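Written out below as structure tokens is the structure these notes cover.
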Amino acid sequence: MPELPEVETARAVIERAALKRRIVAVDDTDSYVCRPHPPGQIRDALLGTELTEAHRRGKTMWCDTATGPVLGLHLGMSGKIVVTEADGTEVDGGDYWAYGRTNGEHRFCRFSLTFADGGVLRLLDPRRLARVRLDPNVDDLGPDAATITAARFARAVGAGRAPVKARLLDQHALAGVGNLLADDVLWRAGVNPARPVDALTDADRRRLHRALRAAIDEAVRDGGVHTLPLVPERRPGGQCPRDHTILVHATVGGRTTYWCPKHQAG
DNA sequence: TATAGTGTTATCGG
DNA sequence: ACCGATAACACTAT
């Protein structure tokens, strides 16, 4: 589920509910999610300190700590952050999860921080493709898709023969666009997903940039990429929300891709 | 039971 | 070395 909008919401959850609280217990025993750190290494680095700031670039989050290393968090394909207070109150990123409501059950907990007053931050992730690591390297990520300028976007989606969708998904070129957001952006801009980037016009790139910014703003505001117009129609028989043409689908850039054959023909 | 899947990365070929 | 395509990863829901 998590693309940039969901990750931004998760970051805001941490900012609102997990900063400046002394960490008294850490569960880092899931050695796949916490790799390459051996069990206990992340725990030892965080015990007794506190998170001070929550940052995000693309789909990667990281938290500064008062006295320890930086804590990197990535939600992978199915991760979610939930903060539960001692009285049972939950703060989470909304109901976008495909694996049902959490309902205080905390199934699939892969990592947790317990605070001095009994509150707990949990990373829930059925598929265990999320990652927790100390001092993550963020430098290889491209500019954040939520704030990228038109000029930098044009550079990122300028040269090369890759299908434009593949480039939008390339986290080194720009960071934060996932499969569903990419389809919605291309749909808004009226661009065929398979079009090579060097065949785009400057006008195409301007429309794509505006579509990207608008789609992200709407998705963050409305609760995730599932609220975008095209996303519920991404299924066999789904219709274009604009002209009601039956959408077509194929694999582009290695991912299942839906588009309107009428207004995204070229 | 078989399959698809919202992300990342190692590996392969051009 | 660069660029793009593909498989693998772990696991659940359909």
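Given the structure is predicted, the values throughout are model-derived calculations rather than measurements. When reading the values below, keep in mind they use all heavy atoms of this one structure, side chains included, and skip hydrogens, waters and symmetry mates. Just so we're on the same page: letters track the sequence lines, and every chain starts at 1.
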What residue pairs, at least two apart or across chains, pass side chain to side chain donor-acceptor pair (under 3.5 Å) with a residue in residues 24-33 of chain A?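 Listed by first then second residue: Asp27(A)-Thr29(A), Asp30(A)-Arg128(A), Tyr32(A)-Arg35(A).
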Considering just the side-chain nitrogens and oxygens of [X], establish if one lies under 4.0 Å of OP1 or OP2 belonging to [N].
X: Arg110(A); N: dC11(C); value: no
X: His74(A); N: dT8(B); value: yes
X: Gln171(A); N: dT8(B); value: yes

Does Glu6(A) come within less than 4.0 Å of Arg56(A), counting only side-chain N to carboxylate O?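 Looking at Arg56(A) together with Glu6(A), the answer is no, because their closest N to O distance does not fall below 4.0 Å.
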Could you go over nucleotides 3-6 of chain C and give all protein N or O partners under 3.5 Å, atom names and distances?
| residue | atom | partner | partner atom | Å |
| --- | --- | --- | --- | --- |
| dG4(C) | OP1 | Arg161(A) | N | 3.4 |
| dG4(C) | OP1 | Ala162(A) | N | 3.0 |
| dG4(C) | OP1 | Arg167(A) | NH2 | 2.9 |

Dot-bracket for DNA chain C, please, read 5' to 3', with Watson-Crick or G-U wobble pairs under 3.5 Å on both distances, ( ) within the strand, [ ] crossing, | other strand, . unpaired. .||||||||.||||
His249(A) side chain to Thr256(A) side chain, donor-acceptor N/O pair below 3.5 angstrom: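 Checked: His249(A)/Thr256(A) side chains show no N/O donor-acceptor pair below 3.5 Å.
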Taking atom P of dG7(B) as reference, at what distance in whole Å does atom CG of Leu169(A) sit?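 One finds 7 Å between P of dG7(B) and CG of Leu169(A), rounded.
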In terms of heavy-atom contacts, does CZ of Arg21(A) have more than 12 from other residues, nucleotides or ligands at under 6.0 Å?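 More than 12 heavy atoms, drawn from other residues, nucleotides or ligands, come within 6.0 Å of this atom.
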Distance-only donor-acceptor test, Arg128(A) side-chain atoms vs dA10(C) base atoms, 3.5 Å: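 Side chain to base: no pair present.
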Apply salt bridge (Lys or Arg N to Asp or Glu O under 4.0 Å) to residues Asp125(A) and Lys80(A) and explain how you reach the verdict. CA-CA 6 Å; Asp125(A) 180 25; Lys80(A) 178 169 186 169; over 6 Å; no
Side-chain donor or acceptor of Arg22(A) paired with backbone N/O of Gly48(A) under 3.5 Å: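 Not a single qualifying donor-acceptor pair exists.
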Can any side-chain N or O of Glu218(A) pair as donor or acceptor with the backbone N or O of Leu228(A) at less than 3.5 Å?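 Answer holds: no.
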Heavy-atom side-chain proximity of Thr52(A) to Leu19(A) below 4.5 angstrom: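 No, side chains not in contact.
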